S.K.: 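Shown below is the structure under consideration.
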Amino acid sequence: MSKQNRTAIEPTREQNYAEWYQQVIKNADLAENSDVRGCMVIKPWGYAIWENIQRTLDVMFRETGHRNAYFPLFIPKSYFEKEAEHVEGFAKECAVVTHSRLEDNGEGGLKVAGELTEPLIVRPTSETIIGASFAKWVNSYRDLPLLINQWANIVRWEMRTRLFLRTAEFLWQEGHTVHESSEDAMEETRKMLDVYAKFAAEYLAIPVIQGEKTEGEKFPGAVNTYCIEAMMQDRKALQAGTSHFLGQNFAKASNIKFQGRNGEFEYAWTTSWGVSTRLIGALIMAHSDDNGLALPPKIAPSHIALIPIFRNEEERVSVLEYCKKIRQEFAGAMFEDIRIYTELDDRDLTGSERNWYWIKKGIPIRIEIGPRDVAANAVMISRRDKEPREKESVHLDNIKAYVLSSLRGIQDSYYQRALDFRQEHTVKIDDNKKFYKFFSPKNEAQPEIHGGFAHSHWCGDTACEEKIKDDLKVTIRCIPFDAEPEEGSCICCGKASDKRVIFAKSY
RNA sequence: CGGGAUGUAGCGCAGUCCGGUUAGCGCGCUCGGUUCGGGACCGAGAAGUCGGAGGUUCAAAUCCUCUCAUCCCGACCA
């Protein structure tokens, strides 16, 4: 391949999507596998993205009346057993603490000792342990609603893991709320899903579809599960966030009762909702290209890479001085609600090496500064959403305005691209044969990128959902909120259906 | 937990079938120099108990036995 056409990431998306994903993470230095099976080390550039996600969402939670708290990592087995469906859903992927001590084994090593009377489960989610506290906190309707959020790590003992998308331990946020009525709880469930959708669109630049999960896909123990689904560049769906209406299931399990306005005691209505470090996986797969990571400005750890170019000491001094002046220009500057950060990269590497380094890290703006720019009172500016070699000379007087409008432009272009991509690969299918063809790769041995979102009719029978899953590994991602009532027949069995649902392969 | 594969320098690999000096190669790293506006080059250097344990042998990365770990394909999942 010629130098001009060479991509920074190999293989390309087209050649091997799964491997491309790993390489983007590696080249951007976001995270790596640890020696602990299934667990990842999140490196500074990746962790900063998570911190930005946290910072923004935390404000949004606060504005919707929630307060943060923290609950134990360990859940007594007996708590966990209280909600039958919940147990069934999570039992197969729990890490369990059974001992409290290590003793000398007489061979230079250690053995476990001090068996616990009751095993402790490392939380895979916190409904039960938080419920135990809520039972004490809630006594009267005057205590409601109770709106709590927790930022935490959780453990789910997964068989197969992938960085950010599925790891044994991951970071997340779980909201848990208690309400007086079913209506209030439902309103909360939907409100928080809206918060997620808004965050995904405005900050991550990822368009999402809001909808409801089918019986088979919902959260163990929930009455209804709602979700936001996004399309990745391999046209698979990724669940980016969930919100659950728990009815009175967990209130009964944890005995969350209150005395109502009529003086009677009744079980409360609860909700829970969460997003995780998986959002970083979504971010990577939504925007990145064959040259590496691409970060929307509103979530990027840093926004501008300043790349000084010089040949000798004399040039070095004048160029660096000029760079610092430009850096000063952006000190404390804001891009809407986001603080702009700059990176001055004066490492002793060639200009192109430093350029490619920042391209692969996905920084939105690169500013190249050489002796010619110093002489012209200008800089060369490149955008991550344009071609790597494309750059524009901008006069010092206009630099700040230019950068601000570019950041807005990049944020918008990523969103628009993702939206166009999704629309391009979303189809209505009514014919069973066409449906199977749509979800079957031409090359079975090495499947090419294929499929997408199929809006098709479904009769509502779990058996049909199962059959399609078994045949094609395609599942119902959600029943979208905006589905128009429409007469049709089930894509699987042909029975009557009154609306379309979204079928797709998924992560 | 079933099927397949792999463990050799920080990373990627060769060498293993057919045992034989001091275990190599590429990238990266360190030092020195020339470079730097589109993925530089030259020279020097550091770095490995060949996954682990046991065995066969004059001799083991290489053969045998056991063991541990990882990866891929299934079943399960945010």
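In this text, all values refer to a predicted model and were calculated from it rather than measured experimentally. Chain letters run A, B, ... following the sequence lines, proteins first and then strands; every chain starts at 1. Below, all heavy atoms of this structure are taken into account, side chains as well, without hydrogens, waters or symmetry copies.
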S.K.: What interatomic distance, in whole Å, is found between C1' of B/G3 and the corresponding atom of B/G10?
M.R.: 33 Å

S.K.: Remember a base hit wins even if backbone is also touched, and classify A/Glu158 as base, sugar-phosphate or nothing at under 4.0 Å, heavy atoms.
M.R.: base

S.K.: Give one of base, sugar-phosphate or nothing for A/Ile307, where a contact means two heavy atoms less than 4.0 Å apart.
M.R.: nothing

S.K.: Closer than 4.0 angstrom, basic N to acidic O: yes or no for A/Asp194 and A/Arg190?
M.R.: no

S.K.: Tell me which residues in residues 360-378 of chain A lie within less than 4.0 Å of RNA chain B, going by non-hydrogen atoms.
M.R.: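 Close to the strand are A/Lys360, A/Glu368, A/Gly370, A/Pro371, A/Arg372, A/Asp373.
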
S.K.: What is the distance, rounded to the nearest whole Å, between atom CD of A/Glu392 and atom C1' of B/G37?
M.R.: 16 Å

S.K.: Who passes side-chain contact (heavy atoms from CB on, under 4.5 Å) against A/Arg372, sequence neighbours left out?
M.R.: none

S.K.: If you look at every strand shown and take non-hydrogen atoms under 4.0 Å, does A/Phe170 touch a base, only sugar-phosphate, or nothing?
M.R.: base

S.K.: Could I get the full list of side chain to side chain donor-acceptor pair (under 3.5 Å) partners for A/Lys92, not counting sequence neighbours?
M.R.: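 Counting only residues at least two positions away or on another chain, A/Lys92 forms no side chain to side chain donor-acceptor pair (under 3.5 Å).
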
S.K.: Using the side chain to side chain donor-acceptor pair (under 3.5 Å) criterion, which residues pair with A/Glu314? Sequence neighbours excluded.
M.R.: none

S.K.: For atom P, what is the distance between B/A23 and B/U70, given to the nearest Å?
M.R.: 30 Å

S.K.: Contact class for A/Ser276 (heavy atom, under 4.0 Å): base, sugar-phosphate, or nothing?
M.R.: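 Base, at least one base atom sits under 4.0 Å.
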
S.K.: Just the rounded figure in Å: distance from P of B/G28 to CG of A/Asp29.
M.R.: 16 Å

S.K.: Cationic tip of A/Lys400 within the cone over A/Tyr402's six-membered ring, i.e. under 6.0 Å and within 45° of the normal?
M.R.: no

S.K.: Figure out the CG/C1' separation between A/Asn16 and B/C71, and round it to whole Å.
M.R.: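 Going from A/Asn16 (CG) to B/C71 (C1'), I get 14 Å.
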
S.K.: Could you tell me how far apart A/Asn355 (CG) and B/A40 (C1') are, to the nearest whole angstrom?
M.R.: 15 Å

S.K.: NA contact type, A/Leu165, heavy-atom cut-off 4.0 Å: base, sugar-phosphate, or nothing?
M.R.: base

S.K.: Mind checking what makes side chain to side chain donor-acceptor pair (under 3.5 Å) contact with A/Arg354, not counting sequence neighbours?
M.R.: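 A/Arg354 satisfies side chain to side chain donor-acceptor pair (under 3.5 Å) with no residue once adjacent residues are dropped.
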
S.K.: Using whole Å, report how far OH of A/Tyr17 lies from P of B/C72.
M.R.: 17 Å

S.K.: Take atom P in B/U56 and the same atom in B/G15, then report the distance between them in whole Å.
M.R.: 29 Å

S.K.: Using 4.0 Å as the upper bound for N to carboxylate O, is an ion pair formed by A/Arg316 and A/Asp348?
M.R.: no

S.K.: What I want to find out is whether A/Arg347 reaches A/Glu353 closely enough, with some N-O distance under 4.0 Å, to be called a salt bridge.
M.R.: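 Judged by the 4.0 Å cut-off on N to carboxylate O distance, A/Arg347 and A/Glu353 do not form a salt bridge.
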
S.K.: Could you say whether A/Lys469 or A/Glu390 is positioned toward the 5' end of RNA chain B, judged by the nucleotide with the nearest heavy atom to each?
M.R.: A/Glu390

S.K.: Identify all pairs in which a protein N or O lies below 3.5 Å from an N or O of nucleotides 29-36 of chain B, and state each distance.
M.R.:
| from | atom 1 | to | atom 2 | distance (Å) |
| --- | --- | --- | --- | --- |
| B/U35 | O4 | A/Asp348 | OD1 | 3.2 |
| B/C36 | O2 | A/Leu349 | O | 3.4 |

S.K.: Indicate whether OP1 or OP2 belonging to B/G74 is found under 4.0 Å from a side-chain N or O atom of A/Lys473.
M.R.: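 A/Lys473 to B/G74 OP1/OP2: side-chain N or O found under 4.0 Å.
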
S.K.: Rounded to whole Å, how long is the line connecting atom CG of A/Asn27 with atom P of B/G39?
M.R.: 17 Å

S.K.: Considering only the P atoms, how many Å lie between B/C27 and B/A44, rounded to the nearest integer?
M.R.: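 Roughly 14 Å separates the two P atoms.
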
S.K.: Which dot-bracket string fits RNA chain B when only Watson-Crick or G-U wobble pairs with both atom distances under 3.5 Å count, crossing pairs get [ ], and | stands for a partner on a different strand?
M.R.: ((((((((.[[[[.)....(...]]]].((((((.....)))))).....[[[[[..)....]]]]])))))))....

S.K.: Taking side chain to side chain donor-acceptor pair (under 3.5 Å) as the test, write out the residues that go with A/Tyr196, two or more places apart.
M.R.: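 Result, side chain to side chain donor-acceptor pair (under 3.5 Å) vs A/Tyr196: A/Gln173.
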
S.K.: Checking A/Asn224 now: which residues fulfil side-chain contact (heavy atoms from CB on, under 4.5 Å) with it, not counting sequence neighbours?
M.R.: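 If we apply the side-chain contact (heavy atoms from CB on, under 4.5 Å) test to A/Asn224, skipping adjacent residues, the hits are A/Met186, A/Glu212, A/Tyr226, A/Phe245.
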
S.K.: Mind checking A/Ala8 for me? I need base, sugar-phosphate or nothing, with any heavy atom below 4.0 Å counting as a touch.
M.R.: base

S.K.: Take atom P in B/G28 and the same atom in B/C18, then report the distance between them in whole Å.
M.R.: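 So the two P atoms sit 38 Å from each other.
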
S.K.: What residues form a side-chain contact (heavy atoms from CB on, under 4.5 Å) with A/Thr12, not counting sequence neighbours?
M.R.: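 Result, side-chain contact (heavy atoms from CB on, under 4.5 Å) vs A/Thr12: A/Thr7, A/Glu14, A/Gln15, A/Asp290.
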
S.K.: For A/Phe438, check side-chain contact (heavy atoms from CB on, under 4.5 Å) against everything at least two apart and list the hits.
M.R.: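 side-chain contact (heavy atoms from CB on, under 4.5 Å) check on A/Phe438 returns A/Val427, A/Ile429, A/Ala454.
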
S.K.: Write down the distance separating the P atoms in B/A61 and B/G24, rounded off to the nearest Å.
M.R.: 13 Å

S.K.: Not counting sequence neighbours, which residues clear ring-ring contact (aromatic ring centres under 6.0 Å, His included) with A/Phe330? List them please.
M.R.: none

S.K.: Provide, to the nearest angstrom, the distance between the CH2 atom belonging to A/Trp358 and the C1' atom belonging to B/G39.
M.R.: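 Taking atom C1' of B/G39 as the reference, CH2 of A/Trp358 is at 17 Å.
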
S.K.: To the nearest Å, give me how far apart CZ (A/Arg162) and P (B/C71) are.
M.R.: 13 Å

S.K.: Let me spell it out: for each of A/Gln22 and A/Lys92, pick the nucleotide of RNA chain B with the closest heavy atom. Which residue's pick is nearer the 5' end?
M.R.: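 With A/Gln22 and A/Lys92 compared, the 5'-side residue is A/Gln22.
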
S.K.: Which part of the nucleic acid does A/Thr475 contact within heavy-atom distance under 4.0 Å: base, sugar-phosphate only, or nothing?
M.R.: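 Answer is nothing: A/Thr475 stays at 4.0 Å or more from every strand.
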
